[in-house]
Amino acid sequence: MKRSKIHTLLQSTHPSDQVLIEGWVRTRRDSKDFSFIEINDGSCLKNIQVIVQSSLPNYDDIQKLTTGSAVAVSGALVTSQGKGQFWEIQASDVAIISLASESYPLQKKRHSDEFLRTIAHLRPRTNKYGAVFRIRSELSYAIHRFFRDQGFYYIHTPIITGSDCEGAGEMFRVTTLDPQHPLSNGHAFDISRDFFGKEASLTVSGQLSAEMFALALGDVYTFGPTFRAENSNTRRHAAEFWMIEPEMAFCNLSGNMDMGEAFIRYLIDHALCNCSEDMELFGKFVDPSLMATLNHILSSEFVRLPYREAVSILSAASQSFEYPVTFGTDLQSEHEKFLTDVYFKRPVILYDYPKSIKPFYMRVNDDQQTVAAMDILAPGIGEIIGGSQREERLEVLEARMDETGMNKAGYEWYLDSRRYGSVPHSGFGMGFERLIMMITGITNIRDVIPFPRTPGNIEF
RNA sequence: UCCCCAGUAGCUCAGUCGGUAGAGCAAGUGGCUGUUAACCACUGGGUCCGCGGUUCGAGUCCGUGCUGGGGAGCCA
């Protein structure tokens, strides 16, 4: 008999004489002549209740089922005689697939996120983490659908890169050489004898590659793992995370902002419409104001604020800041928080940043002081998107590279794109985990990625 | 990397003025029951994070290390 998913059974419109489910015991209760087992198979948040009559031949064993044990249950799907659930299964057979030892760490009670991080291999079996990772999967799908519907192509940019300066933080070195004994013949460390014959690293961004494909296929995006070797110890940084990077030809900064805003809106809407049961859990147990916040984001325009005006607002603010605000310095977290959480109380798109604090590839504005950069800041999360219109003018780009002390030799391929049919184009990067944090209300990035990698932590 | 806070039973925590350790849940046993974080009774369970110091005596005070959390920087 074919196995049914619990998700499907709970949505049934009529009873069924014979069904088969396979899953894990969440909890078990005994009654006089029968036993209640609640089973979860991961297909949805809810468990299904199974009634096991004492007349079953292996009833003694069934009564010893512990939380976490795996079972296969066949029986009839019937309307429940009790309150609290519509459907339940009257079991005709309960096969014990495996018994969980009594040391199973997940109990029928609330655990702290800190504890669950120490058992990251088991935490997806809890209600909350099951919901997180179902939503994560659903949003991945929604991302592809969003872009596909608009004629974007999905590009797989390299994970291993030879660009030694992508301008976005410290990089992880990739080598096959043994640091203790770099070469078998006793020679000293010699990069030319390494696998690629030169320095190689894990990517910090697929942008430069994506630009090449935007200038061929028009509208493209990447969605893949990204690596930053920064020694960041905060609740919103991970050494390995997933990033979505659209890149659009014939698109200026304004179009870029439109796209970023529409993208975030679409994903929130998708989660609310397609993950309502899991979303309800977050609104109830993680952040009581979550639904109001998300609906507010959906119903209000994002603020679009030039950096220069942001500086004015912050300078005029009655609130005092630890760090001063002046044109030419990057805004501090406290400033961004003030804008999103206090002043506007909604997402803010900051744009036209000073040239001096932004990387070489961002397009220089006519004022020669600012570049066409934009960051989307979300309340409670901070920067969720960072992007720009790219510098498409060869001379300006080369001048910027010289200015920032870059070695152009390794970037001839990049510069070629400005030599042959260069066009205005734009793109941005969105941190996938930060999006999930915003949508679920979870405040620590380590709780929205299956096995988080942070400084000093690579267990599992 | 810097600043702040915490570490006590499997989990979540209490522990007063420095006087040799407590609760709820979990586990085990028994009872009751269409139950639903089931309920009731009993039982077992401790390197009080490690090391050093002060003291007659340290979970408690001091130093130091480790681990975890929050904030800052960096960013997505």
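Numbered from 1 within each chain, the chains take letters A, B, ... in sequence-line order.
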*Does Lys108(A) put a side-chain nitrogen or oxygen below 4.0 Å from OP1 or OP2 of A38(B)?*
yes

*Take atom C1' in G68(B) and the same atom in U8(B), then report the distance between them in whole Å.*
15 Å

*Going by atom types alone, do Arg28(A) and Thr67(A) pair a side-chain donor with an acceptor below 3.5 Å?*
no

*What is the nucleic acid contact for Asn233(A), judged by heavy atoms within less than 4.0 Å: base, sugar-phosphate only, or nothing?*
base

*Let me know, please, whether Phe115(A) or Gln85(A) comes out on the 5' side of the other along RNA chain B by nearest nucleotide.*
Phe115(A)

*C1' atom, G7(B) versus C49(B): distance in rounded Å?*
6 Å

*Between Phe36(A) and Phe34(A), how do the two ring planes meet: parallel, tilted or perpendicular, split at 30° and 60°?*
perpendicular

*When the distance from CG of Asn231(A) to C1' of G73(B) is rounded to whole Å, what number comes out?*
11 Å

_Could you tell me how far G28(B) sits from C61(B) if I compare only their C1' atoms? Round to whole Å._
40 Å

*To the nearest angstrom, how far is Arg29(A) atom CZ from C40(B) atom C1'?*
17 Å

*With P as the reference atom in both, quote the distance from A58(B) to U20(B) in angstrom, rounded to an integer.*
11 Å

*Gln332(A) side chain: which of C11(B), G73(B), A76(B) is closest?*
G73(B)

*Could you tell me whether the phosphate oxygens of G34(B), OP1 or OP2, come under 4.0 Å of any side-chain nitrogen or oxygen in Ser31(A)?*
yes

_Measuring from the side chain of Phe36(A) (C-beta onward, heavy atoms only), which nucleotide among G34(B), A38(B), G73(B) has the closest atom?_
G34(B)

*Looking at Lys337(A), does any N or O in its side chain come under 4.0 Å of the phosphate oxygens OP1/OP2 on G71(B)?*
no

*Among G70(B), G34(B), A76(B), which is the nearest nucleotide to the side chain of Arg446(A)?*
G70(B)

*Which of these passes side chain to side chain contact (heavy atoms under 4.5 Å, CB included) with Lys355(A): Val371(A), Thr370(A), Asn365(A)?*
Val371(A)

*Relative to each other, are the rings of Phe263(A) and Phe428(A) parallel, tilted or perpendicular (30° and 60° limits)?*
tilted

*OP1, OP2 of U67(B) versus side-chain N and O of Arg117(A): anything below 4.0 Å?*
no

*Go ahead and name the base partner of G68(B); Watson-Crick or wobble counts if both distances stay under 3.5 Å, otherwise write none.*
C5(B)

*Rounded off to whole Å, could you give me the CE-to-P distance for the Met171(A) and A76(B) pair?*
13 Å

_Salt bridge or not between Asp41(A) and Lys46(A)? Use side-chain N to carboxylate O under 4.0 Å._
no

*What integer distance in Å separates Arg235(A):CZ from A76(B):P?*
17 Å

*asked:* With rounding to the closest Å, how many angstrom separate the C1' atoms on C42(B) and U35(B)?
replied: 23 Å

*For Ile37(A) and G34(B), give me the distance from atom CD1 to atom P, rounded to whole Å.*
17 Å

*asked:* Strictly by Watson-Crick or wobble contacts shorter than 3.5 Å, is anything paired with C25(B), and which nucleotide is it?
replied: G10(B)

_Rounded P spacing from C66(B) to C51(B) in Å_ = 15 Å

_Taking atom types as they are modelled, would you say the side chain of Glu88(A) forms a donor-acceptor pair with the base of G34(B) within the 3.5 Å cutoff?_
yes

*asked:* Using a 5.5 Å cut-off between ring centres and planes within 30 degrees, is Phe241(A) stacked on the base of A76(B)?
replied: yes

*Of the candidate nucleotides A76(B), G34(B), C74(B), which contains the atom at the shortest distance from the side chain of Ser232(A)?*
C74(B)

*Phe223(A) atom CZ, over 12 foreign heavy atoms within 6.0 Å*: yes

*From the options C74(B), A76(B), U33(B), select the nucleotide whose nearest atom is closest to the side chain of Ile445(A).*
A76(B)

*asked:* So, does Ser112(A) get its side chain near the phosphate of U12(B), meaning an N or O under 4.0 Å from OP1 or OP2?
replied: yes

*Report the distance from atom NZ of Lys128(A) to atom P of A37(B), rounded to the nearest whole Å.*
19 Å

*Thr27(A) side chain near A38(B) phosphate (N/O to OP1/OP2, under 4.0 Å)*: yes

*Spacing of the C1' atoms in U60(B) and G15(B) (rounded, Å)*: 9 Å

*Mark yes or no for a side-chain to base donor-acceptor pair under 3.5 Å between His111(A) and C11(B), with no hydrogen or angle criteria applied.*
no

_Tell me if the side-chain of Ser80(A) makes a donor-acceptor pair with the base of G34(B), cut-off 3.5 Å, by modelled atom types._
yes

_Selected nucleotide, minimal atom distance to His237(A) side chain, candidates A72(B), G34(B), A76(B)_ = A76(B)

*Taking CG from Asn444(A) and P from A76(B), how many angstroms apart are they, rounded to a whole number?*
19 Å

*Counting only side-chain N and O atoms of Ser333(A), is one of them less than 4.0 Å from OP1 or OP2 of G73(B)?*
yes

*What's the closest nucleotide to the Arg110(A) side chain, out of A37(B), A72(B), C75(B)?*
A37(B)

_Protein-nucleotide distance (Asp113(A), atom CG; G68(B), atom P), rounded to Å_ = 15 Å

*With RNA chain B as reference, determine whether Ala239(A) or Glu334(A) sits nearer its 5' end, using the nearest nucleotide of each.*
Glu334(A)

_Span that lies between the C1' atom of G10(B) and that of C48(B), in whole angstrom_ = 16 Å

_Pair of N/O donor and acceptor under 3.5 Å linking G34(B) base with Gln90(A) side chain_ = yes

*Give the ring-plane orientation class for His335(A) versus Phe321(A), where under 30° counts as parallel, over 60° as perpendicular and anything between as tilted.*
perpendicular

*Mind telling me whether Tyr221(A) and Tyr154(A) have parallel, tilted or perpendicular rings, with 30° and 60° as the class edges?*
parallel

